[in-house]
Amino acid sequence: MPDLKFSDAEPDDHERALVDALVEQPPVVRQSERVVLGGIRRAGDARHLLLPGLHDLNASRGWISPGGLNYLAESLQVPPAEAFGVASFYDLFELEEPDMPGPRHHVCVDASCALADASGYAQQLRAEGKNVHEGPCLGQCENAPALFIQARSSDPVDMASTGETEQKFNATLANRLLRRFGLVDPQSLRSYREHGGYQALKTAIEVGQEEIIRLVTESGLTGRGGAAFPTGRKWRTVANHDHRQKYVVANADESEPGTFKDRMIIENDPFALIEAMTIAGFATGCTKGWIYIRGEYSTATKRLRSAIEQAYQAGLLGANVHDGAFTFDIELRQGAGAYICGEETALFNSIEGFRGEPRSKPPFPTESGLFGCPTIVNNPETLINVLDIATYGVDVFRSVGTPNSPGTKLFCVSGDVGNPGLYEAAFGLPLHELLEVAGVQIEDVQAVLLGGAAGRFLAPPNLDLPLSFEGTAERGATLGSGAVTVFSKDVDLWSVLVRLAKFFRDESCGQCVPCRIGTTRQHEVLLQIRGTQPNESERVLLSDLSMVMGDSSICGLGHTAASAVQSAFTEGLVGVQT
Amino acid sequence: MFGAGGGTSSYKEVEEADFVLLWGSNARAAHPIYFHHVLKGIRNGGSMYAVDPRRTDSAKFAETWLGINVGSDIALANALAREIIAADLHDTRFIEHSTIGFEAFVEHVEPYTLDFAASATGVDAGTIKDLAHRYATATTAQILWTLGITEHHNGVENVLSLCNLALLTGHVGRWGSGLVPLRGQNNVQGGGDMGALPNKLPGFQDIDDPTALRKFETAYGVPLNPRPGLHLTLMFEAMAKRELTGLYIIGENPADSEADVRHTRDLLRNLDLLVVQDIFMTRTAELADVVLPASVGWAECDGTVTSSERRVQRVRAALEPPSGTRHDHEIIGLLAQRFGVPWPTTSPEHLWDELRSLSPMHKGMTYTRLEQGEGLQWPCPDINHPGTQYLHGWLWEEDLGGHDPAPFSLTNHEGPKEKVTSDYPLRLTTGRVLDSYNTGVQTRGYSSPIRSGVDLEISHLDAKELSLVEGERVTVSSPRGSVEMTVSIKSDQAQGLAFTTFHFPELVDLNLLTNDQWDPLSGTAEFKAAAIRIDKLVGNNRA
Amino acid sequence: MSNKSVSLHIDDQLITVPEGTTILEAAQSMNIEIPTLCWAENLTPVNVCRLCVVEAEGARTLIPACSRTCEDGAAVKTNTDRVRENRRMVLELLDSANDLSQSDNLQELISDYGADSDRYTDPVKTTTPPKVEDDLFVRAYERCVLCYKCVEACGDDAQFTFAIAVAGRGFDAKISTEHDVPLPESACVYCGNCIGVCPTNALQFKTEFDMREAANWRPEEQSVTETICSYCGVGCTLELHTQDNQIVKVTSPADHSVTSGHLCVKGRFGWQYVQAPVYRAPSSDSEQSAK
Ligand SMILES: Cc1cc2nc3c(=O)[nH]c(=O)nc-3n(C[C@H](O)[C@H](O)[C@H](O)COP(=O)(O)O)c2cc1C
Ligand code: SF4
Ligand code: SF4
Ligand code: SF4
Ligand code: FES
């Protein structure tokens with residue numbers, strides 16, 4: 001775009017080559033000395049390459065140099081101030097040369113890892129001379145304390161694979177979504193097919209678009225990303241639009257502390273996600289899918305990338321899916337360390353090359369989503385449920401679970417747990433039964449945080465809670481993403497609360513006043529009162545903050561930023577005379 | 001009459017235009033707030049192409065920039081017309097109903113093939129064809145231009161060529177479509193409105209229309225000279241011939257702003273009497289026998305000005321003028337009294353009401369109405385008339401509203417009068433920058449962090465050929481004179497083209513170089529196309 | 001825009017408005033006052049300050065009146081206890097983080113709503129020394145409430161220059177050029193449209209800044225005169241703010257169809273020649289001969 005003023009900072013050769021390779025259709029094309037194509041619209045069309053470009057630059061030197069950023073911005077015609085604004089939004093990008101060499105070691109300090117002495121671990125790594133960064137949940141709570149090594153392209157290859165941890169899952173309570181886990185080779189399309197893969201798509205094409213949408217609707221499938229919105233209704237709305245372009249987006253940003261199910265789905269059964277998205281595209285007339293995967297998920301990303309490639313090669317993606325039945329493409333995008341980018345509209349902004357700030361709703365994504373087009377956003381777990389619905393029909397699907405919460409759910413159990421890992425269970429299972437299977441000493445439990453940071457605490461009297469949407473709602477709790485974090489009696493819950501508050505303070509996008517300042521004040525107040533019995537005015541202050549964040553924030557982050565803290569008080573877990 | 005007076009469209013309309021053709025205008029720098037409306041249009045989904053020898057800040061916003069040779073506008077316009085007709089994209093019903101001279105026009109543009117235009121303009125035939133199709137098939141389309149079109153020896157013909165395109169496609173006289181000349185200076189439009197043209201009375205009434213003349217004579221109570229006056233360029237010719245020996249200049253700085261200023265200054269010096277009325281001691285004022293210090297019209301005095309969308313707006317006194325200065329209208333009135341004409345001391349509003357009584361298009365604009373709201377757009381014939389958003393709506397009326405059909409004009413490509421030669425191999429063109437204005441007399445008053453200075457911008461290819469480096473001081477010469485300048489090398493400037501601004505005469509006497517070949521119809525000189533040569537300085541030549 | 005209309009109740013009064021009208025616009029037409037901070041009539045609503053929240057029947061949370069469009073059959077309350085409590089907290093949070101002393105509007109609201117930022121012990125604040133980088137304007141971000149208005153005015157709501165953007169995240173988010181370079185090194189073209197929309201005086205004319213420093217800024221003695229810019233032929237309306245027969249700053253009316261409140265560097269800052277005495281014509285006496 002015009003008026004843009006770029007600095008004299010130059011990229012190095014490698015940075016230049018990376019950017020040149022990325023920008024295949026530059027926004028400014030010099031057709032001849034006398035004819036140049038340019039303008040705002042062409043720049044807009046290229047902007048979605050900003051985030052991948054920042055990743056490439058950051059991986060190249062371990063930080064984004066001014067020269068690299070300048071060159072990327074110029075190549076994409078993104079105003080430098082905006083490019084800087086976007087880059088500085090993400091935790092995984094460094095804008096100043098790190099004073100310590102070597103890849104960055106991210107150590108999680110959220111609940112389950114804190115219980116596993118994450119700070120001791122961080123200290124140890126530091127003592128080894130590593131470049132260590134303590135940060136939010138890395139989605140490996142079953143293997144606490146978690147470490148993510150942010151490799152640079154020059155680092156030895158095996159560095160990046162440290163994310164490959166032991167796969168801990170348990171299908172004894174139910175075995176639908178985990179069916180192929182451990183049996184199928186996640187890197188082989190052939191193996192996926194041998195385990196029933198691509199049957200669902202075949203059936204879908206046979207029964208037709210309308211029928212698929214009807215099945216999904218009647219199955220009662222609801223979103224597993226936290227909001228529990230009926231999936232069929234989303235699909236129907238988008239299918240009804242005859243917009244020139246529509247999208248289906250798989251939201252694999254999974255950053256809710258305590259949650260790791262989507263990572264495990266992708267690591268163990270990546271083709272299932274691709275097939276399910278293809279069905280969604282087919283059913284609703286979306287010709288393009290996007291998968292937004294958490295930047296810290298290197299193994300999952302690697303497997304997904306290879307799976308997408310294989311699907312293209314086999315004609316299961318692209319212009320002629322199933323011998324010309326329809327067109328469906330998938331593009332992969334990696335997040336860069338921002339919890340808020342899991343919020344669906346923040347995710348759109350992130351893909352589009354803007355700061356990951358949530359948009360105001362309405363308009364909802366099904367009306368105006370990614371690039372302003374009607375868009376279906378679903379969680380990977382939601383999507384893979386569609387495979388069974390398409391293959392076996394509504395009745396089979398509804399045969400487990402409760403009438404209002406049909407089917408099964410994945411639970412991410414971690415913390416003070418004998419066998420942490422991913423558990424599948426039919427909806428309605430009482431919480432303590434899940435805990436028992438996971439090897440929890442029930443009498444040792446001080447509290448359970450259900451639904452992650454955005455969830456609520458449950459005190460022991462509530463452990464009989466039925467794990468269903470209606471069961472949790474009845475007691476003012478939430479299933480959220482399915483994170484179940486267990487705290488035994490010897491845990492200092494105050495530090496858990498302070499850390500939760502810190503999490504929200506760090507992860508607030510900063511856009512709206514109640515959340516930007518409210519999360520900060522909540523954290524400050526908790527630091528001031530930790531370990532005490534708060535007086536009346538302190539309680540009022542906290543509940544005022546809770547009110548304004550819950551009532552007046554733009555998005556779910558602010559809405560829920562105080563709920564766990566408040567629940568700890570109402571459940572009598574902190575702040576009461578014992 | 002079609003094609004005279006003012007811009008046909010309101011600013012708002014460009015926000016809704018489907019296609020905008022920006023031709024010879026760097027509105028981003030010269031008309032920044034108008035350009036906001038253009039940008040809003042692009043944001044609303046409109047498209048813009050730009051025709052300009054340079055890829056200006058404005059052209060960078062265009063989907064496609066066509067970098068034509070300086071002075072090849074008519075070749076391009078006629079070829080666009082020919083292509084539109086050949087591709088059958090012209091609006092035959094509109095042409096039949098609202099225009100005359102189409103057959104002759106078709107014949108006239110026949111030689112202007114795409115290939116001919118490509119060689120004349122330097123832009124490939126495919127792109128020209130694309131532009132023709134985009135313009136013709138747009139639902140609404142506007143052509144915008146500024147001095148890049150008019151500051152040529154054949155500026156009026158250039159404008160007529162653009163009018164032809166609008167007539168061919170019906171892109172005029174409707175909301176969203178039109179022809180928009182952007183006025184370079186504040187109240188250029190208003191000056192014309194008030195009859196400050198050699199052949200016009202206020203309200204664009206012709207001086208050779210006896211009824212109009214009589215009306216004014218009756219009102220003023222004196223007989224008026226029925227012969228058209230001289231436009232600026234003819235005045236200088238008359239001064240050269242000593243036919244004109246006294247000059248009264250109000251608020252102009254020709255000693256800096258005219259093309260070929262050395263000649264101009266000599267002429268001013270040779271006058272028997274030079275009176276300058278200005279707010280500044282300009283270079284022209286320095287040459288004067290008498291200087292009449294005036295107040296600042298827009299901040300120290302009440303009155304009206306007219307904008308590029310024909311909007312008459314009130315200016316108001318916010319400050320007490322410095323002692324020793326007087327308002328322009330007072331000075332003129334006092335002068336008249338000294339000449340023995342008993343003009344009463346009067347107010348701006350009285351003068352305005354007098355105008356309203358004589359100029360039908362201003363009749364409905366009382367001060368009270370102008371005071372409320374945002375002013376009014378002429379024509380505004382009576383006090384209930386809301387003003388006119390776009391002109392020439394009559395083209396679409398059943399009976400053409402009683403007008404004659406609009407004529408096509410036959411224009412010929414000549415190229416600049418001053419050809420580039422082996423002695424003067426480069427084409428110099430001039431333009432504005434954002435933070436400065438005209439000869440800089442006003443804009444020098446504030447300290448702009450983005451002030452660019454007055455470098456000579458040349459293509460990296462020419463720089464290489466002349467082995468010049470960035471920042472090098474050089475001698476720049478035209479057949480009329482030489483100045484010393486600093487070179488700035490641009491990677492995206494066309495070869496053979498040199499550009500600079502004219503805002504800093506105190507730094508570089510640029511108009512020593514420019515060509516005073518002028519347009520016989522408008523009297524505008526060919527500022528935009530001089531032929532120059534660049535020579536290295538001898539000795540220490542780094543700036 | 002469609003020509004459909006919708007009917008709804010606002011504070012128990014029925015009103016019918018064209019589809020697409022915001023709740024704020026509808027309320028304004030009924031003379032119902034809703035406080036705003038990040039909203040401006042010449043900018044696209046970003047609904048970030050949340051001062052304008054209102055209660056809509058059936059909605060789980062409060063909704064921003066500035067951006068939310070009226071829905072047929074809706075019932076909206078603009079002044080319930082819940083609404084007032086939330087607005088009080090928004091004001092309190094702002095006041096706890098920023099220097100709001102130069103915003104009369106906010107001072108008034110703070111006292112109206114009884115916001116008490118003294119409730120916080122040692123709250124972190126936005127503290128940045130004023131950036132004085134040129135002779136035209138000053139950026140004092142300790143007063144910045146991050147309303148995004150300047151970013152919008154500099155970007156695709158008006159100026160399309162994109163010299164500034166929000167950088168960083170959360171409480172550390174701030175308005176910044178790339179790498180925080182000084183404004184003269186950025187793409188800034190000094191249109192001053194950011195100053196024109198800033199609600200807290202974080203952005204201000206250097207003239208005002210200097211006069212305030214010299215304790216010579218006296219708004220109550222200032223007058224505002226509308227006139228037309230003397231430069232190009234576009235004809236932008238200027239509001240000349242004068243004190244002691246000197247222009248002290250220039251704005252343009254936000255509701256004007258020509259400018260929408262926006263100007264260019266010449267109109268905004270190019271007036272200084274008018275009052276530079278040495279610069280104006282020959283000497284103090286009346287008509288005189290120069291030769
Ligand atoms: C702060 C925040 C973070 C979120 N993170 C995620 C996430 O990581 N994954 C996810 O699927 N949904 C997340 N969501 C919910 C999404 O906005 C959206 O509702 C969901 O992706 C829809 O998919 P579903 O209907 O299949 O659940 C988040 C919401 C908020 C407010
Ligand atoms: S609630 Fe928090 S995360 Fe959500 S938009 Fe507001 S500041 Fe951003
Ligand atoms: S002065 Fe204009 S260009 Fe500069 S930051 Fe403000 S709005 Fe942007
Ligand atoms: S500087 Fe002013 S306009 Fe910009 S965000 Fe801050 S308060 Fe708003
Ligand atoms: S005015 Fe509505 S959110 Fe700021």
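Within every chain, numbering begins at 1; the chains are lettered A, B, ... in the order of the sequence lines, protein sequences first and strands thereafter. Values below: every heavy atom of this structure, side chains too, minus hydrogens, waters and symmetry copies.
- Side-chain atoms of B:Gln493 never come within 3.5 Å of backbone atoms of B:Ser459 as a donor-acceptor pair (strictly under, hydrogens ignored).
- Geometrically, B:Arg28 does not engage B:Phe61 in a cation-pi contact, judged by NZ or CZ lying under 6.0 Å from the ring centre and within 45° of the ring axis.
- Two rings, from B:His36 and B:Tyr11, have their centers 6.0 Å or more apart.
- Below 4.5 Å, heavy atoms of chain B meet heavy atoms from A:Arg30, A:Gln31, A:Glu33, A:Arg34, A:Val35, A:Val36, A:Leu37, A:Gly38, all part of residues 29-38 of chain A.
- Heavy atoms of B:Leu461 lying under 4.5 Å from chain A belong exclusively to its side chain.
- When B:Ile68, B:Thr64, B:Leu39 are compared by the number of non-hydrogen pairs under 4.5 Å with chain A, B:Thr64 comes out ahead.
- Partners of A:Glu15 under the side-chain hydrogen bond (donor to acceptor under 3.5 Å, both in side chains) rule, at least two apart in sequence or in another chain, are A:Arg61, A:Ser65.
- For residues 118-141 of chain B, every residue pair satisfying the ring-ring contact (aromatic ring centres under 6.0 Å, His included) rule, not counting sequence neighbours, is listed here: B:Tyr135-B:His171.
- Residue pairs meeting the side-chain hydrogen bond (donor to acceptor under 3.5 Å, both in side chains) criterion with at least one partner in residues 39-54 of chain B, sequence neighbours excluded, are B:Arg43-C:Asp157, B:Ser47-B:Glu63, B:Ser47-B:Arg134, B:Tyr49-B:Asp130, B:Tyr49-B:Arg134.
- With a threshold of 4.5 angstrom between heavy atoms, B:Thr127 approaches chain A through side-chain atoms but not through N, CA, C or O.
- Using a 4.5 Å heavy-atom threshold, the side chains of B:Tyr112 and B:Leu80 count as separate.
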